[in-house]
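Please read these numbers as outputs of a predicted model, since none were measured by experiment. Atoms within each ligand, like the ligands themselves, are counted from 1 in listed order.
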Amino acid sequence: MSDCIFCKIAAGEIPADKLYEDDEVVAFWDLDPQAPKHFLVIPKSHLRDSSALSEEDAALIGRIIRIGAHLAKENGLDDYRFVVNNGASAGQTVFHFHLHVLGGRVMGWPPG
Ligand code: AMP
Ligand code: ZN
């Protein structure tokens, strides 16, 4: 999608501080971190949110979770939180599916 900031990061059209990249996934540090360590894992293909996922995306989303877990460990996180916001009132501001990985502090529950 031409006006999507995460599509532009995936295409290398705008810079991001990347931790990982392959042909279908990219991970980069969040610009406005909500924890000492906070990065995002995204598909390179444009998917708006969880409701846009089809059966064919199942393996891709599985890879995103596995990559998030691997990168968390690689960055010294034993405990961490995965977050996927879906829709504006749930906190979604970028409408390209992304997995938040947050760690390095104690997390509260319930989330705000
Ligand atoms: P959400 O609110 O769940 O849609 O999350 C979007 C996240 O993307 C926020 O945590 C933002 O800080 C982050 N973000 C937005 N633009 C960029 C960018 N150019 N590089 C890195 N993170 C970004
Ligand atoms: Zn996009």
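Close approach of ligand 1 to Trp29 (heavy-atom distance below 4.0 Å) involves ligand atoms 21 (C). Contact atoms of ligand 1 toward Asp32: 12 (O) (distance under 4.0 Å to a heavy atom of the residue). Annotation for ligand 1: atoms under 4.0 Å from non-hydrogen atoms of Ile5 are 19 (N).
Of the protein's non-hydrogen atoms, Leu31 N, 3.4 Å is the one closest to atom 21 (C) of ligand 1. In this structure, the protein non-hydrogen atom closest to atom 5 (O) of ligand 1 is His98 NE2, 2.9 Å. In terms of protein heavy-atom proximity, atom 7 (C) of ligand 1 is closest to Asp30 OD2, 3.5 Å. Of all protein heavy atoms, the one lying nearest to atom 4 (O) of ligand 1 is Thr93 N, 2.7 Å. Remark: minimum distance from atom 2 (O) of ligand 1 to any protein heavy atom is reached at Gly91 O, 2.7 Å.
Under 4.0 Å from ligand 1, not a single heavy atom of Val83 appears. In Phe6, the part holding a heavy atom less than 4.0 Å from any atom of ligand 1 is the side chain.
In terms of distance to the Zn ion (ligand 2), the nearest N, O or S atom of His46 is named ND1. The minimum distance between the Zn ion (ligand 2) and any N, O or S atom of His96 involves atom ND1.
Checked against Phe97 for a side chain to side chain contact (heavy atoms under 4.5 Å, CB included), the options Asn85, Leu53, Ile42 give a single hit: Leu53.
For ligand 1, the polar-atom distance check finds an N/O of Val94 within less than 3.5 Å of one of the ligand's N/O atoms.
For Arg105, the CZ atom counts as densely surrounded, since its 6.0 Å shell holds more than 12 non-hydrogen atoms of other residues, nucleotides or ligands. Other residues, nucleotides and ligands place more than 12 heavy atoms under 6.0 Å from the NZ atom of Lys18. Counting non-hydrogen atoms of other residues, nucleotides and ligands closer than 6.0 Å to CG of Asp79 gives a total of 12 or fewer.
Listed here is the closest heavy atom pair of Ala10 and Glu21: O-OE2, 4.1 Å.
Between the Gln92 side chain and the Arg48 main chain, a donor and an acceptor come within less than 3.5 Å of each other. In this structure, Lys37 contributes its side chain and Asn75 its backbone to a donor-acceptor pair below 3.5 Å.
Aromatic pair Phe39/Tyr80: centroids not less than 6.0 angstrom apart. Checked against the 6.0 Å centroid threshold, His98 and His100 count as a close aromatic pair.
Between Ile9 and ligand 1 there is a heavy-atom distance shorter than 4.0 Å.
Summarising the geometry, atom CG belonging to Leu102 is positioned 5.0 Å from atom CE belonging to Met107; distances are rounded to the nearest 0.5 Å.
Nearest residue to atom 3 (O) of ligand 1 from His100, Gln34, Lys8 is His100 (criterion: closest heavy atom).
An angle of 120° is found at the Zn ion (ligand 2) between Cys7 atom SG and Cys4 atom SG, rounded to 10°.
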